[in-house]
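Written out below as structure tokens is the structure these notes cover.
Within every chain, numbering begins at 1; the chains are lettered A, B, ... in the order of the sequence lines, protein sequences first and strands thereafter.
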Amino acid sequence: MAHTNIPNYNPDEVERKWQAKWDADGLYHSDIHPDEKKFYALTMLPYPSGDLHIGHWYAMTPSDARARFKRMNGYNVLFPIGFDAFGLPAENAAIKHNIHPKKWTYANIDRMRTQLKSMGAMFDWRREIISADEKYYKWTQWFFIKLFEHGLAYRKMSPVDWCPKDQTTLAREQVVGEDRHCERCGTPVIKKDLEQWFFKITDYAEELLNFEGIDWPERVRTLQTNWIGKSVGALVTFKTEAGDPIEVFTTRPDTLWGVTFMVLAPEHPLVQKLTTPENQVNVEQYIMDAQRQSDIQREAADKEKTGEFTGGYAINPVSGERIPVWIADYVLMTYGTGAIMAVPAHDQRDFEFARKFKLPVKVVVQPAGAPKLEAGEMNEAIPAAGELVNSGPLTGTPGSESFERAVEYVAKLGVGHASTNYRLRDWLISRQRYWGAPIPIVYCKKHGAVAVPEDQLPVKLPEDVEWKPTGQSPLKLHPTWSRTTCPICGEPAERETDTMDTFMCSSWYFLRYLSPDDDKAPFDQKEYDYWMPVDTYTGGIEHATMHLIYTRFFHKALRDMGIVKGDEPMMQLRNQGMVLGEDSEKMSKSRGNVVAPDDLVKAYGADTVRAYLMFFARWDMGGPWSSGGIDGVQRWLRRTWTTLLEPAAAGKASEGDIKTLRRRVHQTLKAVTRDFESFEFNTIISSLMELMNDMSKLKEKVGGSAAWAEATEIYLKMLAPVAPHISEELWERLGKPYSIHTQSWPRVDEEAAREEEITLVVQVNGKVRERITVPAGIDEESAKKAALESEAVYRFLEGKTPKQVIYVRGRLVNIVV
RNA sequence: GCCGGAGUGGCGGAAUUGGCAGACGCGCACGACUCAAAAUCGUGUUCCCUCGGGAAUGUGGGUUCGAUUCCCACCUUCGGCACCA
């Protein structure tokens, strides 16, 4: 079978040739064409960490293939790329290798740009953005000022999460895991009281829970919903005996008559006042202990309850009962009001606390069906709703309306009202590090925090800075940089020396792709009106409660300022899984299980790597890399090469063979089209492999026919988004007009795709006994008749009469005996 | 504890609406070609079997003529949240 008269498939040569030509021709330039429908395909912008990782390829290749598919389907496609270039790793590498963060970052970008280009993606490089460029971060600062002007950026002193290794504060979203460690470096965080800048994302908590009109994965929606943590309840005001109000948030206003004590967070402002002299020493000791403990210790769920009695009492506003006020670290100052009403009969935490400190338990809810609750006999709290008992005027209220009735009651008394609480906190954006966009604020003695005027942007990041982390912002240590004048009064003033969280840069980057060089505005309005919103956004799920929630907030805030339109920036989101090492572990240099795409491209060519990444796992699931499997994909592309280039045999094709070929081609086209739409990339490749297997078998007979010409043309068009170089090369060698990537996606010939004969499965009692070939259009009567007459059925019926015969059109007959 | 995903051959995975379980590929075995090997091509490959069949999609039930698919309970595993009032 060896044919020596056709050239060998040399991926390296083919790929270099076409990448150069596409680049020279501007084949992937995306410009506004008002008469064409647009498609904005976006892949999450990479951090320039040094080398392009196989994970980047895994994320971007199918996104690129789908963008190409959309282009062939008549869309004017925008598929841009850029670099999320500010951030800690640059600074850490700078310290380690004593190289300036800027130099390190831009050298990495140069390397990664070359690596990205080897992928052969349809990126429009004219639109590349680098978030660390002055012309980019000028607008990041501009957005900060807009948020500031609209009251969505504010500064406050509060206990914040601090990473002792990276020497900076972190947003809550960037503190992860049970031991509450830094998302970047893994070091457990500590609390520090600092004055920091925040964005008021909590203003949008309710709206962020609404995913109507966007096609985002259930998983991301759940993660964001949990993160926002909505609780519906009521705020109720108790009073101390001295008359000071203590407001509590409760989700169970129906249990108000069951309150037997109150608990304040140790940091609660009323603690000092409430504490009686004889409890002073113990309370102060407890507060000090609580402060010393890390969050990890304090928030451990299985920890035994601790607390201290203040000696003070409060009055229950509905019952008038006098109840003791305690402090305990299970009540957090950062959630709700920092104080709770304790109902030990119906809340497990309060129950444990009451049992430990011998506080009374009072039953006020009797769930239907449960035995009558007796406080003395309970060994756990009963949180279920039910009929109210021992609840003053509300006694006898059924569980179904107890919540509403209780809220009405406290509202009538003027001591409370319905309220909703969210777990979401405002976004802390100050970072005490060098390599970020400076916060464009000036502090004036007279005017306080003043925004830098727009015409003075950008506030440039100086390069002559000692960047080693000291816990102080490096910009603060610069001898002159922070010295300036107040934009309002002109008096000497100080610049803010913290930089912004890099998630600020990535919250709006997809807008900068629209007009990366515009120096009048963050984006060009014409470009915006044509391209936005993003139609498909692809990337990892790890940003569900970081980037993806920030960018939605950002968009909504800009919408309310009239800067952008619509409620959401990205209409459809899809997440890829993760490529693991061959040992099924996360790839890491220390484990030595890293797969380098550059090596693979060298050995197999980009097309094989692309196709294998699309083939080897379900894209949304990912999985361990297997070095063996890639050979199969390489074999398939080589087979494609030889099958399409070998001269056709002179033989005459039979009508049956032609029909078979066309049927297979159009059936495959149908499946591939469907799978591109639904992100099922692995079955695209297997369908193409199957078709190639069939084509190579049929070629000897049909190689000279018009059907064969049609088959090769459709096959190459389907292959083009997956393997853009080899398909372009074969397209050219078959004498077709340049470029295959500007061709239209073929149309399915339904007539040709239709099966003429089908295999009818014959079951007896649900077990397959026979397969018979029948005409596709067979009617029910004939199908049943054919089944009953088959030899196997005769054997299995053993003379018995069928009780029932079930027919599924075009599929099977089941004979029930 | 709560929320969500996943469990199918030796391996990655496929199966459109409840209708042929294991497509496609890897690996393996055998064969062709070769002095030989590689490459390539071909055949086979879930398990058991008395060669008639039988069993099988994490486990146990249920619905159905028929369940990888729907329902209930559970196990394992991955991810998120977690003293959130």
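If you check every strand for non-hydrogen atoms under 4.0 Å, D350(A) touches nothing. W227(A) comes within 4.0 angstrom of sugar-phosphate atoms only, judged by non-hydrogen atoms across all strands, and of no base.
Between R635(A) and the phosphate of A39(B), there is no side-chain N or O to OP1/OP2 separation shorter than 4.0 Å. When the side-chain nitrogen and oxygen atoms of N575(A) are compared with OP1 and OP2 of G5(B), none of them lie within a distance under 4.0 Å. Phosphate contact (OP1/OP2 of C41(B), side-chain N/O of R638(A), threshold under 4.0 Å): absent. Contact annotation: S231(A) side-chain N/O to A85(B) OP1/OP2 distance is under 4.0 Å.
Of the candidate nucleotides C24(B), A15(B), A82(B), A82(B) has the atom nearest to the side chain of R172(A). Picking from C65(B), A14(B), A6(B) the nucleotide with the shortest atom distance to the side chain of M621(A) gives A6(B). The side chain of N693(A) sits closest to C24(B) out of C24(B), C20(B), G42(B). Taking only side-chain atoms of E690(A), from C-beta outward, the nucleotide of A23(B), G19(B), G25(B) with the closest atom is A23(B). If you check A23(B), C3(B), G13(B) against the side chain of N682(A), the one that comes closest is G13(B). Picking from G19(B), C3(B), A82(B) the nucleotide with the shortest atom distance to the side chain of T222(A) gives C3(B). The side chain of M689(A) approaches C24(B) more closely than any other nucleotide in the set A21(B), G19(B), C24(B). Minimum atom distance to the side chain of R219(A) is reached by G4(B), of the listed G25(B), G4(B), A85(B). Side-chain proximity of L223(A) to G19(B), G80(B), C24(B): nearest is G80(B). Comparing A15(B), G19(B), C65(B) by their nearest atom to the side chain of Q763(A) picks out G19(B).
One P atom belongs to G10(B), the other to C47(B), and the distance between them is 7 Å to the nearest Å. Straight-line distance between the C1' atoms of A21(B) and A14(B): roughly 10 Å, to the nearest whole Å.
Rounded to a whole Å, the CD atom of E780(A) is 14 Å from the C1' atom of C65(B). Here C24(B) presents its C1' atom at 15 Å from CE of M614(A), a figure rounded to the nearest Å. Rounded to an integer number of Å, the gap from CD of E183(A) to P of C81(B) is 11 Å. What separates CG of L688(A) from P of G25(B) is a distance of 12 Å, to the nearest Å. Whole-Å rounding puts the F616(A) CZ to G13(B) C1' distance at 11 Å.
How far CH2 of W326(A) is from OG1 of T310(A): 9.0 Å, rounded to the nearest 0.5 Å. To the nearest 0.5 Å, the span separating NZ on K701(A) from OG1 on T660(A) amounts to 8.0 Å. We find the CD1-CD distance between I772(A) and E757(A) to be 12.0 Å, quoted to the nearest 0.5 Å.
Close placement of the F353(A) and F261(A) rings is indicated, their centers lying within 6.0 Å of each other. When ring centroids are compared, F616(A) and Y58(A) come within the 6.0 Å threshold. Under the 6.0 Å cut-off for aromatic ring centres, W636(A) and Y612(A) do not qualify, their centroids lying 6.0 Å or more apart.
Remark: the N814(A) side chain and the C65(B) base include a donor-acceptor N/O pair separated by less than 3.5 Å. In this model, a side-chain donor or acceptor of K305(A) finds a partner on the base of C83(B) within 3.5 Å. Scanning atom types as modelled, one donor and one acceptor separated by under 3.5 angstrom connect the side chain of R674(A) and the base of U16(B).
Counting non-hydrogen atoms of other residues, nucleotides and ligands closer than 6.0 Å to NZ of K784(A) gives a total above 12.
In this entry the base of G12(B) is anti relative to its sugar, with a glycosidic angle more than 90° from 0. Base orientation of G9(B): syn, the glycosidic angle falling within 90° of 0.
In this structure, Y422(A) and A617(A) both approach RNA chain B, and ranking their closest nucleotides by distance from the 5' end singles out A617(A).
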